[in-house]
Structure formats: structure tokens, C-alpha cells
Enquirer: 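Sending over a structure as C-alpha cells; questions will come in a sec.
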Amino acid sequence: MNKKIAYAIPVLIVAAIILCGSLRFGVVSLFITIPVAIIVGIAMIIYDKRLADNAVPIASPTLQDSVGTYGEPDDIIVTDATRNDEADGTLLVYHTGGRDNRGRLVYNGVCISLADITDVTFHNKFGTAFGLPDEYEIVISTCDEDHPKLSVCAGRDLSLTKDSVKEIEKLTTR
């Protein structure tokens, strides 16, 4: 469907509702509401065009990109079993490198030193909202100024999320 038509339909519906209400209050309201509805529709089209012109496509890194940049990992922690072959479902672990040569962790193209990790926890992204499925997120707090918090998608499996957190904690205490 053409975007102009997609924007025109709600504007026309609103205009029709306002028109029905304005018939009770006289013709003057009718001459005010129709131009206002047209101006709102034009403003929506212009605003959408500006957003589209300024949009920057975001290319998320793949596992192959991370492996190409940092080399073959020593270990892999799967945080989301449904995305175990994607960059946002796995943590790549390197036992060397990083600050104090304690190792590093790569998630979704972001590399942090294991020595910089201060806390690892998880939470339900949606809280306890009624009717929404549980979706967990692992939060890795660091003392790195560029990445003070790293939010890792953990999927819907609570036991896998807990295991992933324990594995990350083991890495930071060695």
C-alpha cells in the first residue's frame, strides 16, 4: 500500500468523525475541521519523509565478523538457544588478552575485558506483565567507560539464563 494512502486513511476517518460531530454544531466547525485534517495529513507525510531521509541502516555484526576480528574463541557461552548461531545469542570467550591478560568476552561485536566486569545479573525484560511471555536478559556491569552495561539477550529459558550467568561469573573469578 502506498504510504500516502496509508496516512490518508486515518486522517479521513478522523475527519469523518469530526464532521459527524460538527454537523450538530454548525457549518463553521465543518470549515475548520476539514483544513485541519488536511494539514495534519500533510505534516505526517513530511515528517515521515524527513525520518526516512535521516535513517541510517544499522548492520548488526555476525558471529563470522567477530571471529574474523578477534580470532577463534576458546569457549562459547550460548545465552539463547533459539539464536545460538547468531551474534546476539552467544558470548565468545577468549582466555587471553584484555586488561591484565585475564581474558575477554565478545557479544554482538562488543569486546570487554573479563577484568572489567563488576557484576553479572539477569532479569525478566517484561517484568510480570500479564499475558506476555517471559523474556530474560543478562546484564553485565563493567568499569569500562565505553560499555558500562552490556545487555545480553537470553531468550525464554530460565535455566539456561541462570547457567549462562554462572558461567560468566566463573570466568570473572578465575
Enquirer: Looking at every non-hydrogen atom in both residues, tell me the closest pair between Ala154 and Thr161 and how far apart they are.
Expert: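 The answer is CB-OG1, 3.4 Å.
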Enquirer: Using every non-hydrogen atom in the two residues, find where Asp88 and Tyr107 come nearest and quote the distance to one decimal.
Expert: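 Reported closest heavy-atom pair: O-OH, 3.1 Å.
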Enquirer: Could you go through the side-chain contact (heavy atoms from CB on, under 4.5 Å) check for Val93 and Leu105 one step at a time?
Expert: CA-CA 5 Å; Val93 179; Leu105 202 63; 3.6 Å; yes
Enquirer: Hey, does Ser164 have a side-chain heavy atom less than 4.5 Å from the side chain of Ile138?
Expert: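 When only atoms from C-beta onward are counted, Ser164 and Ile138 do touch, with a gap below 4.5 Å.
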Enquirer: What heavy-atom pair brings Cys111 and Tyr70 nearest, and what distance separates the two atoms?
Expert: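 Heavy atoms only, the tightest pair is CB-OH, 3.3 Å.
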Enquirer: For the side chain of Ser141 and the backbone of Lys149, is there at least one donor-acceptor N/O pair under 3.5 Å apart?
Expert: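 Between the backbone of Lys149 and the side chain of Ser141 there is no qualifying donor-acceptor contact (under 3.5 Å).
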Enquirer: If I take atom NE2 from residue His147 and atom OG1 from residue Thr142, how far apart are they, to the nearest 0.5 angstrom?
Expert: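 Result: 8.0 Å between the selected atoms.
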Enquirer: How far apart are the closest heavy atoms of Cys143 and Thr118, and which atoms are they?
Expert: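 Closest heavy-atom pair between Cys143 and Thr118: N-CG2, 4.0 Å.
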Enquirer: One pair to check against side-chain contact (heavy atoms from CB on, under 4.5 Å): Leu171 and His95. What are the steps and the verdict?
Expert: CA-CA 9 Å; Leu171 289 170; His95 295 298; 3.9 Å; yes
Enquirer: Could you state whether Val139 and Val165 fall into the same hydrophobic cluster, counting links through intermediate Ile, Leu, Val, Met, Phe, Trp or Tyr residues with side-chain heavy atoms under 4.5 angstrom apart?
Expert: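 Val139 does not cluster with Val165.
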Enquirer: Drop me the distance from Asp116's CG to Arg102's CZ, to the nearest 0.5 angstrom.
Expert: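 Atom-to-atom, Asp116:CG and Arg102:CZ are 9.0 Å apart.
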Enquirer: Quick check for you: to the nearest 0.5 Å, what is the distance between Glu137 atom CD and Asp80 atom CG?
Expert: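 So the CD of Glu137 and the CG of Asp80 are separated by 11.5 Å.
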Enquirer: So Val67 and Glu72, side-chain contact (heavy atoms from CB on, under 4.5 Å) or not? Walk me through it.
Expert: CA-CA 6 Å; Val67 169; Glu72 285 294 323; 3.4 Å; yes
Enquirer: Less than 4.5 Å apart, any side-chain heavy atom of Ile112 and any of Arg104?
Expert: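 Counting from C-beta outward, Ile112 and Arg104 never come under 4.5 Å.
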Enquirer: Please determine whether side-chain contact (heavy atoms from CB on, under 4.5 Å) holds for the pair Arg83 and Cys153, giving the CA-CA distance in whole Å, both sets of side-chain angles, and the decisive distance to 0.1 Å.
Expert: CA-CA 9 Å; Arg83 293 185 281 205; Cys153 298; 3.1 Å; yes
Enquirer: Give, for atom CZ of Arg156 and atom NZ of Lys125, the distance between the pair rounded to the nearest 0.5 Å.
Expert: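 Arg156 atom CZ to Lys125 atom NZ measures 10.0 Å (nearest 0.5 Å).
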Enquirer: Rounded to the nearest 0.5 Å, how far does CD1 of Ile77 lie from CG of Leu91?
Expert: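 CD1 of Ile77 is found 5.5 Å from CG of Leu91.
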Enquirer: Taking all atoms of both residues into account, what is the closest heavy-atom pair of Leu160 and Ala81, and its distance?
Expert: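 What the structure gives for the nearest pair is CD2-N, 3.6 Å.
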Enquirer: Quick check: does any side chain N or O of Thr90 sit under 3.5 Å from a backbone N or O of Thr79, one acting as donor and the other as acceptor?
Expert: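 Not at all, since once roles are kept as given, no pair shorter than 3.5 Å links the two residues.
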Enquirer: Looking only at non-hydrogen atoms, find the nearest pair between Ile117 and Ile168 and report the distance.
Expert: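 Minimum heavy-atom separation between Ile117 and Ile168: CD1-CG2, 4.5 Å.
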Enquirer: With the side chain counted from C-beta on, respond yes when Leu63 and Leu92 share a heavy-atom pair under 4.5 Å apart, and no when they do not.
Expert: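 Leu63 vs Leu92: side chains touch.
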Enquirer: Should Val110 and Phe122 be counted in the same cluster of Ile, Leu, Val, Met, Phe, Trp and Tyr side chains packed under 4.5 Å apart?
Expert: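 Yes: a chain of side-chain contacts under 4.5 Å links Val110 to Phe122.
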